Undergrad: 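So that we are looking at the same thing, I have put the structure below in structure tokens.
All residue numbers refer to positions in the sequence shown, counting from 1. As the structure is a computational prediction, the values presented were derived from the model and not from experiment.
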Amino acid sequence: MGPTEQQPAGGRLRAWMLQGLSEINSKGDRAAAAAEPAHRGQAWYRVMCLTGVDYFSTLGYQPGIAALAAGLLSPIATIVLVLVTLAGALPVYRRVAQESPHGAGSIAMLERLLSFWKGKLFVLTMLGFAATDFLITITLSAADASTHLVENPHLNKALHDQQMVITLVLVALLGAVFLKGFLEAVGVATALVGLYLTLNVVVVSVGIWHVVTAEHVVTDWATALTAEHGDVLAMVGVALIVFPKLALGLSGFETGVAVMPHVKGDPDDTEERPTGRIRDAKKLLTTAALIMSVFLITTSFITTLLIPAKEFQPGGDANGRALAYLAHRYLGGAFGTVYDISTIAILWFAGASAMAGLLNLMPRYLPRYGMAPHWARAVRPMVIVFTLVAFLVTWIFDANVDAQGGAYATGVLVLISSASIAVTIAARKAGQRDWTIGFAVIATVFLYTTVVNVIERPDGVKIGACFIAGIILVSLLSRLARAFELRVTSVTLDPLAERFIRDMASRKIRFIANEPDQRDKAEYREKLEQIRNDHDIPGEDFVFVEVTVVDPSEFESVLTVRGEVLHDRYRVLTLESSSISNALAAFLLHVRDATGRTPHIYFEWTEGNPFANFLRFFLFGQGEVAPVTREVLREAEPDRALRPRVHTG
């Protein structure tokens with residue numbers, strides 16, 4: 001294009017949409033691959049604020065949801081939640097941080113235990129629930145932010161009945177920020193979390209003061225609680241039953257291990273042995289859990305005792321904004337408005353953190369499986385997809401915080417359950433009997449909680465099932481569309497293999513594709529005779545090439561070629577790959593580039609139905625090898641004159 005020519009508008013838009021790969025994903029990949037000192041990261045307490053915008057922001061709606069779920073029993077049910085947090089989720093994720101210190105989390109731990117397609121399908125399923133968690137974080141946080149805005153006394157009249165529109169605008173604004181370009185700012189997160197927690201300390205302190213100075217409040221609550229539930233054992237029993245509805249208070253742990261690559265650690269840390277990073281990540285998880293536990297108990301206590309039950313109901317002044325209700329009531333409109341602004345900001349930034357998590361999580365797995373279109377590697381198209389899905393979820397749930405609680409809890413609980421199972425298996429493999437039993441008990445608790453939550457609030461699993469179905473469908477279609485793509489990233493030959501190639505370079509380079517069976521002398525003699533007869537080629541100047549399929553579910557692979565001489569006569573090259581055809585095509589192109597000559601390869605036709613053979617290729621890397629090898633070569637090398645020759649007899 002000349003300097004005076006202008007690129008068409010469509011071309012400029014396409015270039016802008018597909019500009020670069022995901023900044024977050026690229027950064028994550030480099031962090032996972034490069035052995036760099038961890039001092040390039042941030043102090044653990046600052047990174048805690050990065051995950052805290054998601055974790056701590058749940059205080060914006062958790063007390064109200066707890067009050068709706070448990071009523072007067074909310075403080076006791078919250079204590080159960082805190083016990084499960086400190087004795088269950090915290091030990092589990094401390095172990096996850098130890099076992100998976102590069103931000104891949106429990107999904108990667110379980111992926112290592114499962115091979116072939118069952119491992120890929122499991123990961124796709126978990127990605128569906130993770131997408132549920134992150135997307136509902138975006139929509140629920142935006143809905144609660146709009147609730148704080150609409151219910152502000154100074155804006156209520158002007159914004160009445162506009163919650164849906166405001167929520168969609170907030171989601172769109174979030175998408176617009178990422179379309180322009182977004183890098184997670186630890187400094188912004190630190191400021192937001194610091195301000196938000198400080199304001200909550202003020203609200204909680206004032207609330208406790210009013211509870212203590214008005215003695216009848218505690219007495220009235222205790223009397224009503226006893227009249228409703230009887231003795232303490234009955235209260236504890238009911239609290240255990242309603243506990244699954246409070247599972248939102250467990251969110252943030254998966255995000256906590258996801259941000260581990262940002263933790264500074266020790267100067268002598270490496271990516272292979274990040275001892276300091278693991279230690280400080282455990283500090284991060286523990287400190288966040290302790291801070292949140294204190295706030296969960298105190299906020300549940302003061303909101304239950306100081307706010308009339310009717311105000312928690314849909315349409316009530318405290319619905320979705322219990323602490324803001326107390327801030328306005330006891331500290332005045334000015335402080336309440338500042339609290340609303342702080343809550344709206346941290347809830348919106350929680351959505352930004354969730355969007356960043358989606359853009360980090362999906363590219364971590366799908367491209368490696370060949371289950372993402374090429375455009376999925378760019379930030380902007382994925383942002384548009386996630387934003388449109390968030391619009392749909394917001395519309396389905398009518399921007400209602402309470403209605404989305406079930407779906408959010410389902411995503412959180414499934415991820416925590418998978419993490420508890422992963423650490424149980426890890427402890428068992430390490431021979432740690434006591435830890436294995438302890439983690440198994442925790443896993444049982446979380447599995448029970450997940451099942452109960454799904455039964456009582458099936459919306460979550462329905463939304464999760466939709467995401468899972470969508471991810472699997474798109475992934476398989478993408479894998480199908482990229483079936484004939486050259487998927488070998490590099491080819492390396494050992495000295496004997498290089499010697500074979502150098503020896504043939506001065507003559508016509510001929511290979512015979514052989515499926516290794518017994519590998520005895522008769523096998524190679526008969527194969528050679530068959531090829532010579534089928535193609536009417538005299539002589540024995542051939543090299544056999546044999547490919548062993550290792551894991552056909554993998555997409556990209558590195559190819560190592562080893563040479564050997566069998567039975568003192570036959571030269572054989574052996575390769576291992578996820579696909580026979582792709583390995584042969586990559587090898588032939590490498591030989592062509594290394595020698596400057598066109599290699600020839602000879603096949604025999606595979607017996608069987610062509611469609612069945614294609615499915616064998618798609619699923620198991622085998623099938624009709626000759627035509628698929630030729631098709632891979634055709635896509636990789638458009639120029640027929642330069643393309644290696646494929647012969648079939």
Undergrad: Supply the atom-to-atom distance I537 CD1 to Y602 OH, rounded to the nearest 0.5 angstrom.
TA: 3.5 Å

Undergrad: Test salt bridge (Lys or Arg N to Asp or Glu O under 4.0 Å) on E564 and R519; report intermediate values, then the result.
TA: CA-CA 12 Å; E564 55 185 320; R519 304 193 83 202; 3.0 Å; yes

Undergrad: If you draw a 6.0 Å radius around CZ in R507, do more than 12 non-hydrogen atoms from other residues or ligands fall strictly inside?
TA: yes

Undergrad: Considering only heavy atoms from C-beta outward, does the side chain of I531 approach that of R510 to under 4.5 Å?
TA: no

Undergrad: When you look at CG of D568, are more than 12 heavy atoms from neighbouring residues, nucleotides or ligands closer to it than 6.0 Å?
TA: no

Undergrad: Where is the tightest heavy-atom contact between I468 and T125, given as atom of each residue plus distance?
TA: CG1-O, 3.5 Å

Undergrad: Between R597 and A505, is there a donor-acceptor pair closer than 3.5 Å when you use the side chain of the first and the backbone of the second?
TA: yes

Undergrad: Could you tell me whether the side chain of I136 reaches within less than 4.5 Å of the side chain of V393, counting heavy atoms only?
TA: yes

Undergrad: Might you point out which heavy atoms bring T424 and A443 nearest each other, and give the distance in Å?
TA: OG1-CB, 4.3 Å

Undergrad: Between E99 and K429, is the closest basic N to carboxylate O distance under 4.0 Å?
TA: no

Undergrad: Check whether any side-chain heavy atom of E523 sits under 4.5 Å from a side-chain heavy atom of N514, and report yes or no.
TA: yes

Undergrad: Is the backbone of T598 close enough, under 3.5 Å, to the side chain of R645 for a donor and an acceptor to pair up by distance?
TA: no

Undergrad: How long is the span from the CZ atom in R634 to the OG1 atom in T629, to the nearest 0.5 Å?
TA: 13.5 Å

Undergrad: Taking the side chain from E637 and the backbone from R643, do they hold a donor-acceptor pair closer than 3.5 Å?
TA: no

Undergrad: Any side-chain heavy atom of I421 within less than 4.5 Å of one from L447?
TA: yes

Undergrad: Any side-chain heavy atom of M126 sitting closer than 4.5 Å to one from L415?
TA: yes

Undergrad: Could you tell me whether R499 and D494 have a side-chain N and a carboxylate O separated by less than 4.0 Å?
TA: no

Undergrad: Measure across F544 and Y524 and return the closest heavy-atom pair with its distance rounded to 0.1 Å.
TA: CZ-O, 3.6 Å

Undergrad: So, applying side-chain contact (heavy atoms from CB on, under 4.5 Å) with I512, which one of H647, H600, K527 is it?
TA: K527

Undergrad: Before you tell me yes or no, could you show the steps for F603 and L584 under side chain to side chain contact (heavy atoms under 4.5 Å, CB included), namely the whole-Å CA-CA distance, both residues' side-chain angles and the distance that decides it to 0.1 Å?
TA: CA-CA 11 Å; F603 295 89; L584 292 175; 3.7 Å; yes

Undergrad: Name all residues meeting the ring-ring contact (aromatic ring centres under 6.0 Å, His included) criterion together with F386; count only those two or more places apart in sequence or in a different chain, and write none if there are none.
TA: none

Undergrad: Going from CD on E498 to CG on L573, what distance comes out if it is rounded to the nearest 0.5 angstrom?
TA: 11.0 Å

Undergrad: With rounding to the nearest 0.5 Å, note down the distance linking CD in E515 to CD1 in I580.
TA: 6.5 Å

Undergrad: Where do I416 and Y93 land on the side chain to side chain contact (heavy atoms under 4.5 Å, CB included) test, with the steps shown first?
TA: CA-CA 8 Å; I416 293 181; Y93 277 94; 3.8 Å; yes

Undergrad: Return the OG to CZ distance between S420 and R95, rounded to the nearest 0.5 Å.
TA: 13.0 Å

Undergrad: Taking all atoms of both residues into account, what is the closest heavy-atom pair of A281 and V263, and its distance?
TA: N-CG1, 4.4 Å

Undergrad: Any chance you could measure L575, atom CG, to L493, atom CG, to the nearest 0.5 Å?
TA: 8.0 Å

Undergrad: Are any of the side-chain heavy atoms of V257 and Q98 separated by less than 4.5 Å?
TA: no

Undergrad: Could you check whether atom CZ of R428 has more than 12 heavy atoms from other residues, nucleotides or ligands sitting under 6.0 Å from it?
TA: no

Undergrad: Shortest non-hydrogen contact from P516 to V547?
TA: CD-O, 4.4 Å

Undergrad: For V558 and S490, work out which heavy atoms get closest and say how close.
TA: CG1-OG, 3.2 Å

Undergrad: Go through F500 and V565 one step at a time and tell me if the side chain to side chain contact (heavy atoms under 4.5 Å, CB included) criterion holds.
TA: CA-CA 10 Å; F500 291 167; V565 178; 3.8 Å; yes

Undergrad: Quick one, V96 with F253, criterion side chain to side chain contact (heavy atoms under 4.5 Å, CB included). Give me CA distance, side-chain angles, the key distance, then yes/no.
TA: CA-CA 10 Å; V96 171; F253 282 101; over 6 Å; no

